[in-house]
Amino acid sequence: MSLAPLLDAAPAIPVHAFAAMAAFALGVIQFAAPKGTLPHRTVGWIWVALMATVAASSFWIHEIRLLGPWSPIHLLSIFTLIVLPIAVWRARRHRVVDHRRIMTMIFAGALVIAGLFTFLPGRIMHAVVFGP
């Protein structure tokens with residue numbers, strides 16, 4: 001395992017990857033920790049900022065080009081940027097079930113499922129974990 005392929009990539013890629021890894025770790029903590037507490041809200045705001053960074057930074061990544069410089073993953077980024085504030089708004093309105101469902105959906109789709117695709121051969125994270 002070597003971070004060299006990630007650190008040698010265009011600047012948006014390490015920002016995107018490190019924010020995603022931090023969001024994944026904090027997301028796991030959020031799922032395990034008590035809900036509705038000050039730490040949950042504090043870590044939640046950090047998680048939202050990290051996810052916004054992950055989604056926004058993707059617009060400067062054009063490794064997979066299917067429609068000009070864009071790929072279907074950019075649709076997930078747009079979706080994430082739309083539903084993040086909705087999820088926060090639902091929490092602030094005490095609509096906990098909606099908040100939980102949206103946040104779980106973002107975590108599963110934008111971090112777990114999309115993250116697994118980064119480990120396919122030919123991708124930077126594959127080279128980081130498995131070597132060139």
Side-chain angles (χ1 to χ4, degrees):
M1 184 167 145
S2 169
L3 290 176
L6 184 59
L7 298 175
D8 292 340
I13 294 173
V15 167
H16 181 80
F18 288 123
M21 289 184 271
F24 181 83
L26 286 182
V28 170
I29 291 167
Q30 284 293 77
F31 284 126
K35 310 302 182 262
T37 62
L38 181 60
H40 177 80
R41 288 190 301 272
T42 303
V43 171
W45 278 111
I46 296 167
W47 189 83
V48 166
L50 286 167
M51 285 307 299
T53 301
V54 171
S57 65
S58 76
F59 295 110
W60 282 268
I61 300 172
H62 305 287
E63 301 294 310
I64 300 173
R65 295 170 181 256
L66 296 178
L67 292 167
W70 312 111
S71 72
I73 198 73
H74 292 101
L75 294 174
L76 178 60
S77 296
I78 293 167
F79 178 76
T80 299
L81 291 171
I82 291 169
V83 298
L84 270 174
I86 293 170
V88 170
W89 180 73
R90 296 284 165 87
R92 296 190 57 79
R93 295 282 180 226
H94 304 287
R95 295 179 62 181
V96 177
V97 173
D98 291 343
H99 170 73
R100 181 183 308 120
R101 183 173 30 85
I102 295 168
M103 290 303 200
T104 301
M105 182 176 58
I106 294 170
F107 182 87
L111 289 176
V112 176
I113 294 170
L116 288 173
F117 281 102
T118 67
F119 294 104
L120 291 174
R123 305 292 307 273
I124 291 172
M125 291 308 292
H126 182 274
V128 167
V129 174
F130 302 109

Can you hop from V112 to V48 via hydrophobic side chains spaced under 4.5 Å? yes
Side chain to side chain contact (heavy atoms under 4.5 Å, CB included) against A33, all qualifying residues, sequence neighbours excluded: none
Taking all atoms of both residues into account, what is the closest heavy-atom pair of G36 and R41, and its distance? O-NH1, 2.7 Å
R101 backbone acceptor or donor facing T104 side chain under 3.5 Å: no
Audit row: I29, W47, side-chain contact (heavy atoms from CB on, under 4.5 Å) steps and yes/no: CA-CA 10 Å; I29 291 167; W47 189 83; over 6 Å; no
Same apolar cluster: V54 and I46, side chain cutoff 4.5 Å: no
Assigning hydrophobic clusters by single linkage (Ile, Leu, Val, Met, Phe, Trp, Tyr; side-chain heavy-atom cutoff under 4.5 Å), is L50 placed with I102? yes
How close do T53 and A19 get, heavy atom to heavy atom, and via which atoms? CG2-CB, 3.9 Å
Listing request: all side-chain hydrogen bond (donor to acceptor under 3.5 Å, both in side chains) pairs with a residue in residues 21-33, at least two apart in sequence or in separate chains. Q30-H40
Using the ring pair (Phe, Tyr, Trp, His ring centres under 6.0 Å) criterion, which residues pair with F107? Sequence neighbours excluded. F24, F31
Give every donor-acceptor pair under 3.5 Å between a side-chain atom in residues 81-95 and any protein atom, sequence neighbours left out.
| residue | atom | partner | partner atom | Å |
| --- | --- | --- | --- | --- |
| R90 | NH1 | D98 | OD2 | 3.4 |
| R95 | NE | D98 | OD2 | 3.1 |
| R95 | NH2 | D98 | OD2 | 2.8 |

When clusters are formed by joining ILVMFWY residues with side-chain heavy atoms under 4.5 Å apart, either directly or through shared neighbours, do V28 and L26 land in the same one? yes
Can you give the donor-acceptor pairs under 3.5 Å from side chains of residues 120-132 to other protein atoms, not counting sequence neighbours?
| residue | atom | partner | partner atom | Å |
| --- | --- | --- | --- | --- |
| R123 | NH1 | F117 | O | 3.4 |

Shared hydrophobic cluster for I106 and F59 (ILVMFWY, side-chain gaps under 4.5 Å): yes
Enumerate donor-acceptor pairs with a distance under 3.5 Å from any side-chain N or O in residues 72-80 to protein atoms, sequence neighbours excluded.
| residue | atom | partner | partner atom | Å |
| --- | --- | --- | --- | --- |
| H74 | ND1 | S71 | N | 3.0 |
| H74 | ND1 | S71 | O | 3.4 |
| H74 | ND1 | S71 | OG | 3.4 |
| H74 | NE2 | S58 | O | 2.8 |
| H74 | NE2 | I61 | O | 3.2 |
| S77 | OG | S58 | OG | 2.6 |
| T80 | OG1 | L76 | O | 2.8 |

Look up atom CH2 in W45 and atom OG1 in T42, then write down how far apart they are to the nearest 0.5 Å. 10.5 Å
